[in-house]
Amino acid sequence: MARVFNFSAGPAVLPESVLQQAAAEMLDWHGSGMSVMEMSHRGEEFMSIHAEAQQDLRELLAVPANYRVLFLQGGAIAENAIVPMNMLRGRKVADYVNTGEWSKKSIKEAGKYCSVNVAASSEDKRFTYIPPQQSWKLSKDAGYVHICTNETIGGLEYHWVPDTGAVPLVADMSSHILSRPLDVAKYGLIYGGAQKNIGPAGLTLVIVRDDLIGQAAQFTPSAFDYKQQADADSMFNTPATYAIYIAGLVFKWVKQQGGLAEIERRNIAKAKLIYDYLDQSKFFVSPVAPSDRSRMNVPFKLANEALDDEFLAGAKANGMVQLKGHRSVGGMRASIYNAMPIEGVRQLVAYMRDFEGKFGK
Ligand code: PMP
């Protein structure tokens, strides 16, 4: 068996020990005689898996008692609609900060449900920075302020938490949740698809302050009403059982690594290896402002685009895959989530150095 270094933006690399445990438990979970996939979501076995996953996640993120943790479906793109349905709470306006492709999608979808005020945008410089809070033009009567804390395509990350006063801050954290400690209390709602740092696609995580739920718009489908899901412990409809099981194994893995402080330390070290190389290179360029660079998704360009295919083919031949940048921006992108070992990043940087030596004349 040969495993590659997988730099995919998501679905993405998972810890090998988690995959091995899932394989070992595939036919018979803990003597139940069943695969987790075959279990009733209301049976005692799955209920225990679900409760433990919730508890481990609450511990990892130190989720305060007045927040609900929901395991839903539909992905972050569905949340783009579900958030306004639930979070406007009778108000007509929501503030959005536009930092890239994922913010743009959120803004477009929210426009179906409310008047969107784009409070700040970095589109003027092709989404290469996060607008500082002093430049934001927030509205007085917004239901919430929405940000994307890690732009997976552009490679931008908030390394600070905006202060929106009494207006709830809502964050799409799909591509960096669990990569660093998080002060949940500074947010009204946090959401994300699971398929980067959490587990398989199909599970959507929502963490919401409990006083903000229960005021969904009348037309909200019941399965998308946070209050109904919270009251049913995320089982108003059948949840993504197998994805929740794998997520639970990943939460245990993160705890075994030493929790989020240790995970963050490793992520800083991995990101530094690659950005340090990019900054001294005369051949590869990082387009993002150094203070706003993502630790999870590192976009970069070759000085000569004509060599892109050669770069990718050589990487693949050396066991490194999924380095092609998103089609909307081109170039390359290395996604280095929690489960990417530092050896993978070292190997990538060594390959880039060789490539530059050969072609960067
Ligand atoms: N937001 C961000 C930041 C993402 O990275 C992604 C997926 N790459 C999405 C939203 C959309 O997620 P999904 O396709 O699971 O709905």
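Quick note: numbers below take in every heavy atom, side chains included, and nothing from hydrogens, waters or symmetry partners. What you see is a predicted model; the values in this text were computed from it and never measured. Both counts, for ligands and for their atoms, begin at 1 and track the order of listing.
No donor-acceptor contact under 3.5 angstrom links the side chains of Glu79 and Thr204, judged on distance only. A donor-acceptor pair shorter than 3.5 Å can be found between the side chains of Asn80 and Tyr191.
Looking from atom 1 (N) of ligand 1 to the surrounding protein, the closest heavy atom is Asp172 OD2, 2.6 Å. Of the protein's non-hydrogen atoms, the one nearest atom 16 (O) of ligand 1 is Ile77 N, 2.8 Å. The nearest heavy-atom contact from the protein to atom 5 (O) of ligand 1 is Thr152 OG1, 2.4 Å. Looking at atom 8 (N) of ligand 1, its nearest protein heavy atom turns out to be Lys196 NZ, 2.9 Å.
For Tyr337 and Phe7, the ring centers are positioned 6.0 Å apart or more. Aromatic rings from Phe46 and His41 are positioned such that their centres are separated by 6.0 Å or more.
Residue Ala76 places a heavy atom less than 4.0 Å from ligand 1. Note on ligand 1: Gln195 sits in its first shell, one or more heavy atoms being nearer than 4.0 Å. Heavy-atom separations between Asn150 and ligand 1 include at least one value shorter than 4.0 Å. Not a single heavy atom of Glu79 sits less than 4.0 Å from an atom of ligand 1. Residue contact annotation: Gly10 has no non-hydrogen atom under 4.0 Å from ligand 1.
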List the steps and the verdict of side chain to side chain donor-acceptor pair (under 3.5 Å) for Ser175 and Asn150. CA-CA 6 Å; Ser175 50; Asn150 189 73; 2.8 Å; yes
Might you work through the salt bridge (charged side-chain N to carboxylate O under 4.0 Å, His left out) test for Arg265 and Glu262, ending with a clear yes or no? CA-CA 5 Å; Arg265 192 191 64 73; Glu262 171 60 17; 2.9 Å; yes
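Pairs of residues two or more places apart, or lying in two chains, never qualify as side chain to side chain donor-acceptor pair (under 3.5 Å) while including a residue from residues 302-319.
Listed by number with element, the atoms of ligand 1 under 4.0 Å from a non-hydrogen atom of Cys148 are 3 (C).
For ligand 1, the polar-atom distance check finds no N/O of Ala78 at less than 3.5 Å from any of the ligand's N/O atoms.
A distance-only check finds no donor-acceptor pair linking the side chain of Glu101 to the backbone of Ile153 [under 3.5 Å].
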